[in-house]
**Q** 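Right, I'll just put the structure down here and ask away after.
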Amino acid sequence: VQLVESGGGLVQPGGSLRLSCAASGFTFSTSAMSWVRQAPGKEREFVATISWSGGSTYYGDSVKGRFTISRDNAKNTVYLQMNSLKPEDTAVYHCAAKRGGYSCRGDEYEYWGQGTQVTVSS
């Protein structure tokens, strides 16, 4: 199983980034996917989750209205479009996968990527 995140980097406040997570080694099209972030010295924070079909999504309060999660089952890839970025969005962003329904509970996810660094700074 592999989950490989990409698209992170340095961006100014108010800017945008699009993260991608390429999945392999499991049945992506029947798996719920999530993005979770962790900043230095802080606990892991749920960002967004999407159902296997893409028909249902759920967001953490801190990113609601600014971030959008989506997926392309033909490409085994999940995305996170991040707009209006703030310094407090700085973190390592991980994607995660689980069989069955989507969830905002990280302990329910079976597979995790190594993460991609997002830094929001002027």
Side-chain angles (χ1 to χ4, degrees):
V1 172
Q2 272 199 314
L3 293 171
V4 181
E5 301 94 338
S6 61
L10 174 64
V11 63
Q12 292 187 340
S16 297
L17 281 176
R18 189 194 196 203
L19 305 184
S20 299
C21 173
S24 62
F26 65 100
T27 308
F28 180 82
S29 60
T30 59
S31 297
M33 300 295 296
S34 280
W35 287 95
V36 177
R37 68 188 182 187
Q38 188 160 24
K42 295 188 177 181
E43 292 188 357
R44 192 171 59 187
E45 179 187 8
F46 166 77
V47 175
T49 185
I50 188 167
S51 62
W52 63 268
S53 68
S56 297
T57 57
Y58 185 78
Y59 298 91
D61 288 342
S62 62
V63 306
K64 206 171 293 183
R66 299 188 297 122
F67 290 11
T68 302
I69 188 171
S70 62
R71 65 189 296 160
D72 185 338
N73 285 349
K75 295 182 178 180
N76 282 10
T77 301
V78 63
Y79 305 98
L80 185 68
Q81 178 67 44
M82 306 187 294
N83 299 329
S84 302
L85 283 161
K86 305 174 181 180
E88 51 264 43
D89 294 318
T90 296
V92 175
Y93 284 71
H94 300 268
C95 68
K98 68 180 291 290
R99 288 169 286 186
Y102 67 94
S103 171
C104 61
R105 289 184 52 178
D107 59 1
E108 295 187 10
Y109 284 79
E110 299 164 84
Y111 309 124
W112 291 80
Q114 290 298 308
T116 185
Q117 176 71 47
V118 171
T119 302
V120 184
S121 175
S122 54

**Q** Taking only Lys NZ, Arg NE, NH1 and NH2, and the carboxylate oxygens of Asp or Glu, determine whether Asp89 and Lys86 approach each other closer than 4.0 Å.
**A**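 Looking at Asp89 and Lys86, the cut-off is not met.
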**Q** Indicate, with yes or no, if Val4 and Trp112 share a hydrophobic cluster defined by side-chain heavy-atom contacts under 4.5 Å among Ile, Leu, Val, Met, Phe, Trp and Tyr.
**A**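 No; tracing contacts between hydrophobic side chains, which count when under 4.5 Å, never links both residues.
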**Q** Nearest 0.5 angstrom please: Gln81 CD to Leu17 CG, how far?
**A**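 If we round to the nearest 0.5 Å, Gln81:CD and Leu17:CG are 8.5 Å apart.
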**Q** side-chain contact (heavy atoms from CB on, under 4.5 Å) with Ile69: which of Tyr59, Tyr102, Tyr58?
**A**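 The residue from Tyr59, Tyr102, Tyr58 that satisfies side-chain contact (heavy atoms from CB on, under 4.5 Å) with Ile69 turns out to be Tyr59.
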**Q** Counting neighbours of CD on Gln2 that are heavy atoms of other residues, nucleotides or ligands and sit closer than 6.0 Å, is the number greater than 12?
**A**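 It does not: Gln2 CD has 12 such atoms or fewer within range.
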**Q** Rounded to the nearest 0.5 Å, how far does OG of Ser6 lie from OH of Tyr79?
**A**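 Atom-to-atom, Tyr79:OH and Ser6:OG are 9.0 Å apart.
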**Q** So which heavy atom on Gln117 is nearest to which on Thr119, and how close?
**A**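 Shortest heavy-atom contact: NE2-OG1, 3.4 Å.
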**Q** Would you name the heavy atoms of Gly25 and Val1 that are closest together and state the gap between them?
**A**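 Shortest heavy-atom contact: O-CG2, 3.6 Å.
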**Q** Under a single-linkage definition using a 4.5 Å side-chain heavy-atom cutoff for Ile, Leu, Val, Met, Phe, Trp and Tyr, are Trp35 and Val120 assigned to the same hydrophobic cluster?
**A**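 Same cluster: Trp35 reaches Val120 through Ile, Leu, Val, Met, Phe, Trp or Tyr contacts under 4.5 Å.
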**Q** What about Tyr111 and Phe26, are their ring centers closer than 6.0 Å?
**A**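 Yes, the ring centres sit under 6.0 Å apart.
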**Q** Return yes if some donor-acceptor pair links the side-chain N/O of Arg71 with the main-chain N/O of Ser51 below 3.5 Å, else return no.
**A**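 Answer holds: yes.
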**Q** Are the side chain of Glu108 and the backbone N or O of Lys98 linked by a donor-acceptor pair below 3.5 Å?
**A**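 Side chain of Glu108 to backbone of Lys98: no pair is present.
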**Q** Identify which one of Val63, Val92, Val118, Thr90 satisfies the side-chain contact (heavy atoms from CB on, under 4.5 Å) criterion when paired with Arg37.
**A**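 So the option named by the test is Val63.
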**Q** Between Glu110 (side chain) and Arg99 (backbone), is there a donor-acceptor pair under 3.5 Å?
**A**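 Here the side-chain-to-backbone pair exists.
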**Q** How many angstroms lie between atom CG of Asn73 and atom OG1 of Thr30, to the nearest 0.5 angstrom?
**A**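 Between atom CG of Asn73 and atom OG1 of Thr30 there are 9.0 Å.
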**Q** Within the side chain of Tyr109, is there an N or O that forms a donor-acceptor pair under 3.5 Å with the backbone of Ala32?
**A**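 Flag not set: sc Tyr109 to bb Ala32 has no pair under 3.5 Å.
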**Q** Taking Ile50's backbone N and O only, do any of them form a donor-acceptor pair with Thr57's side chain (distance below 3.5 Å, no angle check)?
**A**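 No: the side chain of Thr57 does not pair with the backbone of Ile50.
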**Q** Is there a continuous path of hydrophobic side-chain contacts, each under 4.5 Å between heavy atoms, that joins Val47 to Met82?
**A**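 In one cluster with Val47: Met82, yes.
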**Q** List the atom of Thr49, the atom of Met33, and the distance in Å for their closest heavy-atom pair.
**A**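 Taking Thr49 first and Met33 second, the nearest heavy atoms are OG1-O, 3.1 Å.
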**Q** So which heavy atom on Thr77 is nearest to which on Ser20, and how close?
**A**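 What the structure gives for the nearest pair is CG2-CB, 4.3 Å.
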**Q** Is there side-chain contact between Ser34 and Cys104, with heavy atoms separated by less than 4.5 Å?
**A**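 No. Closest side-chain heavy atoms not under 4.5 Å.
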**Q** Tell me whether Lys42 at atom NZ has more than 12 heavy atoms from other residues, nucleotides or ligands lying less than 6.0 Å away.
**A**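 Check fails, neighbour count at 12 or below.
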**Q** Would you call the rings of Tyr93 and Phe67 parallel, tilted or perpendicular, where under 30° means parallel and over 60° means perpendicular?
**A**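 Tilted: the ring planes of Tyr93 and Phe67 meet at 30° to 60°.
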**Q** Does the pair Thr27 and Ser29 meet the rule for a side chain to side chain contact (heavy atoms under 4.5 Å, CB included), with working shown?
**A** CA-CA 6 Å; Thr27 308; Ser29 60; 3.8 Å; yes
**Q** Starting at CD of Glu5, measure out to SG of Cys95 and round the result to the nearest 0.5 Å.
**A**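 Reported value, rounded in 0.5 Å steps: 4.0 Å.
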**Q** Dump the intermediate steps for side chain to side chain contact (heavy atoms under 4.5 Å, CB included) on Ser121 and Leu10, then the final yes or no.
**A** CA-CA 7 Å; Ser121 175; Leu10 174 64; 4.2 Å; yes
**Q** Same cluster or not: Val78 versus Trp52, using hydrophobic residues (I, L, V, M, F, W, Y) connected whenever any side-chain heavy atoms lie under 4.5 Å apart?
**A**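 In one cluster with Val78: Trp52, no.
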**Q** List the atom of Gly113, the atom of His94, and the distance in Å for their closest heavy-atom pair.
**A**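 Closest pair (atom of Gly113, atom of His94, distance): O-ND1, 3.0 Å.
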**Q** Can you name the closest pair of heavy atoms from Ser84 and Ser16 and give their distance?
**A**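 So the two residues come closest at N-OG, 4.4 Å.
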**Q** Can you tell me if CD on Gln114 sees more than 12 non-hydrogen neighbours from other groups inside 6.0 Å?
**A**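 At most 12 heavy atoms, drawn from other residues, nucleotides or ligands, come within 6.0 Å of this atom.
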**Q** Do Phe46 and Leu3 belong together in a cluster built from hydrophobic side chains that touch within less than 4.5 Å?
**A**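 Hydrophobic grouping puts Phe46 apart from Leu3.
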